[in-house]
Amino acid sequence: MNKANPTNEDTNNHSTEPESLDFVRAIVAKDQQTGKWDHRVHTRFPPEPNGYLHIGHAKSICLNFGIAQQFAGKCNLRFDDTNPIKEEQEYIDSIIEDVKWLGWDWQDRLYYASDYFEQMYQYAVELIKKGLAYVCDLTAEQTRQHRGTLTAPGQKSPYRDRSPEENLDLFQRMRNGEFPDGSRTLKAKIDMAHPNLNLRDPVMYRILHAEHPRTGNDWCIYPMYDWAHGLEDSLENITHSICTLEFENHRPLYDWFIDSINRDRPEQIPHPQQIEFARLNLTYTVMSKRRLLELVQAGQDSNWDDPRLPTDQVSSWDDPRMPTISGMRRRGYSPQSIRNFCQRIGINKFNSTVDFALLEHCVREDLNKTSPRVMAVLNPLKVIITNYPANQTEQLDAVNNPEDPSAGTRQVPFSRELYIERDDFLEDPPKKFFRLAPGREVRLRYAYFITCQEVIKNENGQIIELRCTYDPATRGGDSPDGRKVKATLHWVCANNAIPAEVRLYDHLFNKENPSEVEEGRNFFDNLNPDSLKSLPQCFVEPHLKNAPPLSRFQFERLGYFCTDPDSTADHLIFNRTATLKDTWAKIQKQQKNQQ
RNA sequence: UACCCGAUGGUGUAAUUGGUAACACACGAGUUUUUGGUACUCGCAUUCCAGGUUCAAGUCCUGGUCGGGUAGCCA
């Protein structure tokens, strides 16, 4: 960037200039360089199929798949399906769809923890034989009492010193289904006084007579996460096991498990390196699967047969107000915008909360470049062009995307009766209001200059129609005499317009941190009652008649919109993804504050 | 009152590993404009505190302060 010396190093600089690496990538880069893992890079995204993926998962997905891509490595998709009570096939299907939609590819490496159950069982047998694991008959409650507290050491289980032979027999019988749920567990024999509670003889297996989505009734004992997870990574020969901060305290346990398996073992199993990063928090939303599930369940319990959409409740996992990937897809977010967002927020080890405005910026940035422009009127106000021939319709050329010349042009019909946006007319305009007002001339985009001559009201004094004149010489929107107008309005042709329903969305919660609640209240109290506003009687230009579901547009001057999956040619439904930045709204707010 | 982790503008991240705080968002002011959009210009932090090492500290050392995590047969 040295302007005085543009000749030499300047030219090849940007290619060699090292982008700064986040701390995870820095570790991966170093390991790859030193050959720690034989120059391999192999990551994985390991969701539990107990809910839908959200934007926080996208951060992890982009990290894991992104690292694999950047370092010419691989990334597996693996379901961590070790708890059949909470997991469902529906979730598996949605997760596969969402990761794919985000644009990542795991090729043939779709794995399931449940595929490793037999191998895990054998490893457990090895630990029992080494005297490092035992079957314990304590109840859950007793186990808790024996664990001690954060400051006090625990006590040893009375079953801790059973012989390997007895343990082997009992463990086999646990597997055989001879014991009821909760009656016994397999525990690791570590140290009941360890300052890290995770090492106080953690449970490895519990008895659960539950049908598993994949293994059916093959098993009635299921491995605990701590036991299973490190083994899954080891079995897949993962190099870098990237996870979130709350598992930091568990790392010593994973290390213990693998080291213990490897002790005196002729064939050593791989020992991946775990790296923890901070999960994503976003303003005005919640990001835990538990809370998202509560929102969905609350919505399902309510009466959705009511034709009015309940505005303070969410309809489903893919409700456009949800921070789920499926919700954002339905809302109109592009995969690219989500990936850009995940790149911008960075990776760190401390908790932080990203401003929702950054997400919005990322969608706008992407959709500005990619989405075709169309005209739609949300709150119609009829305009009659009194000096325009009554039975005439003409076609006017409109640019599809000023940011992308290759998007070309289309034709929009124009005739005597039009609709404009109600907000674009004020009978008594305040300062800085540039739009239509009595006697004022504005431009109709790609059409003509019009001047408001008369305001028609009903008996209640409400404005129901405007009578305007147009200047035929300004066809297309340019005035040959060079006179200026201060505003350009969008519009639709009344007898060609297509009715549509438009759903406007706002933050799901009206508090930056919805989890922050008064004593005795919960996050439901922070739900934004105005998060959904449905406008059933809008008009869009005829071009949109056959817009397929999930197609994205910019409604000029209004925002980005996406056809809902339920949208049909007979009943068009658009979801607002985001508004355009609105300088006028800002000015209005300022004027209000000054008064 | 235990153990682990962390702390850079309003927000999220950088800083060639000891060399004079950079980028983006947000906010504010302007220019351009057939979207009050986009684009562009300008403004906005002496790096939690206190000592120390050093010619030089956001970076290293010591001690504080504050924040997060951990006591599921959840993940």
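Just the heavy atoms: all of them, side chains too, but no hydrogens, waters or symmetry mates, feed the values below. Sequence lines set the chain letters: A, B, ... in the order given, protein chains first and strands last, and positions in each chain run from 1. As the structure is a prediction and not an experimental result, all values here were calculated from the model.
- Applying the side-chain hydrogen bond (donor to acceptor under 3.5 Å, both in side chains) criterion to Arg175(A), with sequence neighbours excluded, gives Glu118(A).
- Taking the ring centroids of Phe79(A) and Phe45(A), they lie at or beyond the 6.0 Å cut-off.
- Not counting sequence neighbours, the partners of His507(A) by the ring-ring contact (aromatic ring centres under 6.0 Å, His included) test are Tyr284(A), Phe356(A).
- Remark: the Gln554(A) side chain and the U35(B) base include a donor-acceptor N/O pair separated by less than 3.5 Å.
- Mapping Thr583(A) and Lys484(A) onto RNA chain B by nearest heavy atom places Lys484(A) closer to the 5' end of the strand.
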(message) At under 4.0 Å between heavy atoms, how does the protein contact nucleotides 3-8 of chain B? Give one character per nucleotide, 5' to 3', with B, S or -.
(response) SSSSSS
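- Every residue two or more places apart in sequence or in another chain was checked for a side-chain hydrogen bond (donor to acceptor under 3.5 Å, both in side chains) with Thr43(A), and none qualifies.
- Taking the six-membered ring wherever Trp is involved, the centroid distance between the rings of Phe561(A) and Phe555(A) falls below 6.0 Å.
- Put simply, the side chain of Glu403(A) and the base of G37(B) share a donor and an acceptor less than 3.5 Å apart.
- Every ring-ring contact (aromatic ring centres under 6.0 Å, His included) that His57(A) has, sequence neighbours left out, goes to His54(A).
- Listed by first and then second residue, the ring-ring contact (aromatic ring centres under 6.0 Å, His included) pairs that reach into residues 175-194 of chain A come to none, sequence neighbours excluded.
- Within 4.0 Å (heavy atoms only), Arg373(A) reaches at least one base atom of the nucleic acid.
- Checked against ring-ring contact (aromatic ring centres under 6.0 Å, His included), Tyr560(A) has no partners two or more places apart in sequence or in another chain.
- A22(B) and A75(B) are spaced 39 Å apart, taking the C1' atom of each and rounding to whole Å.
- Comparing A7(B) with U16(B), their P atoms sit 15 Å apart, to the nearest whole Å.
- For RNA chain B, if you chain together Watson-Crick or G-U pairs that step i with j, i+1 with j-1 and so on, the runs of at least three with distances under 3.5 Å are B:2-7 with B:65-70, B:10-13 with B:22-25, B:27-31 with B:39-43, B:48-52 with B:60-64.
- Taking atom P on both G28(B) and U17(B), the two are 40 Å apart, rounded to the nearest angstrom.
- Taking the C1' atoms as reference points, C27(B) lies 15 Å from G12(B), given to the whole Å.
- Between U32(B) and U41(B), the two P atoms lie 15 Å apart (nearest whole Å).
- Looking at which nucleotide of RNA chain B each of Glu246(A) and His229(A) is closest to, the 5′-most match is held by Glu246(A).
- By the salt bridge (Lys or Arg N to Asp or Glu O under 4.0 Å) test, Asp233(A) pairs with Arg44(A), Arg78(A), sequence neighbours left out.
- Contact of Arg144(A) with G72(B) (side chain to base): no donor-acceptor pair of N or O atoms is detected under 3.5 Å.
- For Tyr205(A) and Phe171(A), the distance between ring centers is under 6.0 angstrom.
- Here the nucleotide nearest the side chain of Asn368(A), chosen from A75(B), G36(B), G37(B), is G37(B).
- Partners of Tyr470(A) by ring-ring contact (aromatic ring centres under 6.0 Å, His included), not counting sequence neighbours, listed by chain and number: Tyr388(A), Tyr448(A).
- Annotation: salt bridge (charged side-chain N to carboxylate O under 4.0 Å, His left out) contacts involving residues 187-197 of chain A, sequence neighbours excluded, comprise Asp161(A)-Lys189(A).
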Please produce a list of atom pairs where a protein N or O lies less than 3.5 Å from an N or O of nucleotides 19-24 of chain B.
from	atom 1	to	atom 2	distance (Å)
A24(B)	O2'	Arg344(A)	NH1	2.7

